[in-house]
Amino acid sequence: MVKYFLGHSVLRSSWDQVFAAFWQRYPNPYSKHVLTEDIVHREVTPDQKLLSRRLLTKTNRMPRWAERLFPANVAHSVYILEDSIVDPQNQTMTTFTWNINHARLMVVEERCVYCVNSDNSGWTEIHREAWVSSSLFGVSRAVQEFGLARFKSNVTKSMKGFEYILAKLQGEAPSKTLVETAKEAKEKAKETALAATEKAKDLATPSALPLYFIIKSQLPA
């Protein structure tokens, strides 16, 4: 059994602006759980599409009842792969993300398609899908319910962060908040930078790059 999420959001900025902001989303005041981000692969295809893979490290505290099922030394940080394919000619960007650790507890897969809004060409719409699954015997349903609720909460934070960065790029973000955000991000980055870098090296090997996003991007919208 898998929990499914389907959502639609609109950003009141052009596709070009959203595309530029996408790569500058972190840090922002709503992404304190995002510790690091590293690009581990990037290429331009013969038909001029941009393919990228990023590794992100996030904090993800487990619920108390789940912590009892895992040793105390289990890392609370979650490694997430984000594959993306950008088609500038058709002004679409498709991303697919999934966690690569704590998979026994829960796997969250997300697919987003960014495209020009059909009603206003100066806006961008986001079509979002997510699948939450768990293989924990006896408590999988509870884990999936928790995962779906947290995912919805993170979507709200993600949209607020996106809007913040878009405003920042247009010179509307308060400078004080920017300074505070940068300071917090720098402190958190120090804690996990080494671990993320080592993980990125492993993921950057050719054998670990099946370009999974190409397959997932072909899923029906």
Side-chain angles (χ1 to χ4, degrees), residues 3 5 7 9 21-41 52-67 69-84 93 95-112 114 126 128-136 143-165 177 180-204 208 212-213 216:
K3 291 293 182 180
F5 173 87
S9 306
F22 179 81
W23 306 107
Q24 303 177 58
R25 284 182 298 169
Y26 311 118
N28 71 69
Y30 306 97
S31 67
K32 295 179 181 179
H33 61 296
V34 180
L35 304 178
T36 63
E37 58 173 330
D38 296 276
I39 296 175
V40 296
H41 179 78
S52 303
R53 166 166 288 182
R54 293 199 297 180
L55 171 69
L56 298 101
T57 308
K58 301 183 179 182
T59 57
N60 206 8
R61 183 173 177 81
M62 300 178 187
R64 291 184 179 180
W65 54 264
E67 289 181 343
L69 303 175
F70 291 84
N73 61 347
V74 170
H76 285 176
S77 295
V78 179
Y79 292 111
I80 296 175
L81 282 181
E82 174 196 85
D83 288 350
S84 62
M93 176 170 62
T95 65
F96 188 79
T97 61
W98 71 100
N99 57 295
I100 58 176
N101 65 336
H102 300 314
R104 176 170 171 256
L105 173 63
M106 178 169 55
V107 175
V108 179
E109 299 173 290
E110 178 190 37
R111 177 177 181 260
C112 293
Y114 300 76
I126 306 172
R128 190 187 310 270
E129 292 180 280
W131 299 263
V132 182
S133 60
S134 173
S135 60
L136 277 182
V143 171
Q144 290 170 3
E145 291 287 356
F146 169 81
L148 183 60
R150 172 169 285 180
F151 175 82
K152 291 178 179 179
S153 174
N154 287 342
V155 167
T156 300
K157 293 178 183 178
S158 176
M159 291 304 297
K160 288 182 178 179
F162 228 134
E163 291 169 351
Y164 175 87
I165 292 301
T177 304
E180 293 174 348
T181 302
K183 182 178 180 181
E184 292 175 358
K186 184 177 181 180
E187 293 174 351
K188 290 185 178 181
K190 289 180 180 178
E191 299 175 0
T192 57
L194 181 59
T197 300
E198 292 302 317
K199 204 73 176 181
K201 289 179 180 178
D202 295 337
L203 293 170
Y212 192 41
F213 50 76
K216 289 296 183 179

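Just so you know, residue 1 is the first one in the sequence shown, and it goes up from there.
Ring pair F151/F5 is perpendicular by interplanar angle, where above 60° counts as perpendicular and below 30° as parallel. Ring-plane geometry between F22 and Y114 is classed as perpendicular, the angle between the planes exceeding 60 degrees on a 0 to 90 degree scale with a lower cut at 30.
The nearest pair of heavy atoms linking P27 to I165 is O-CD1, 3.8 Å. Across G161 and N28, no two heavy atoms sit closer than the pair CA-OD1, 3.4 Å. The two residues S135 and A103 have their closest heavy-atom pair at OG-O, 4.3 Å. The two residues I80 and T97 have their closest heavy-atom pair at CG2-CB, 4.1 Å.
Here CG of L105 is found 10.5 Å from OG of S133. Values are rounded to the nearest 0.5 Å. Separation of atoms CZ (R54) and CD (E82) is listed at 4.0 Å; rounding is to 0.5 Å. Separation of atoms CE (M106) and CG (L136) is listed at 9.5 Å; rounding is to 0.5 Å. With rounding to the nearest 0.5 angstrom, the NZ atom of K160 is 13.5 Å from the OG atom of S31. A distance of 6.0 Å separates CG of L81 from CG of L55, quoted to the nearest 0.5 Å. A distance of 8.0 Å separates NE2 in H41 from CZ in R53, rounded to the nearest 0.5 Å.
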message = Determine whether W98 and D83 satisfy the following criterion, side-chain contact (heavy atoms from CB on, under 4.5 Å), listing intermediate values before the conclusion.
response = CA-CA 9 Å; W98 71 100; D83 288 350; 3.3 Å; yes

task = Applying side-chain contact (heavy atoms from CB on, under 4.5 Å), run through M159 and Y30 and close with a yes or a no.
result = CA-CA 9 Å; M159 291 304 297; Y30 306 97; over 6 Å; no

task = Would you sort out whether F146 and S134 count as a side-chain contact (heavy atoms from CB on, under 4.5 Å), showing the intermediate values?
result = CA-CA 11 Å; F146 169 81; S134 173; over 6 Å; no

request  = Could you go through the side-chain contact (heavy atoms from CB on, under 4.5 Å) check for W23 and S52 one step at a time?
outcome  = CA-CA 11 Å; W23 306 107; S52 303; 3.8 Å; yes

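A donor-acceptor distance shorter than 3.5 angstrom exists from the side chain of N101 to the backbone of Y79, with no hydrogens or angles considered. Between the side chain of R150 and the backbone N or O of G147 there is no donor-acceptor pair closer than 3.5 Å.
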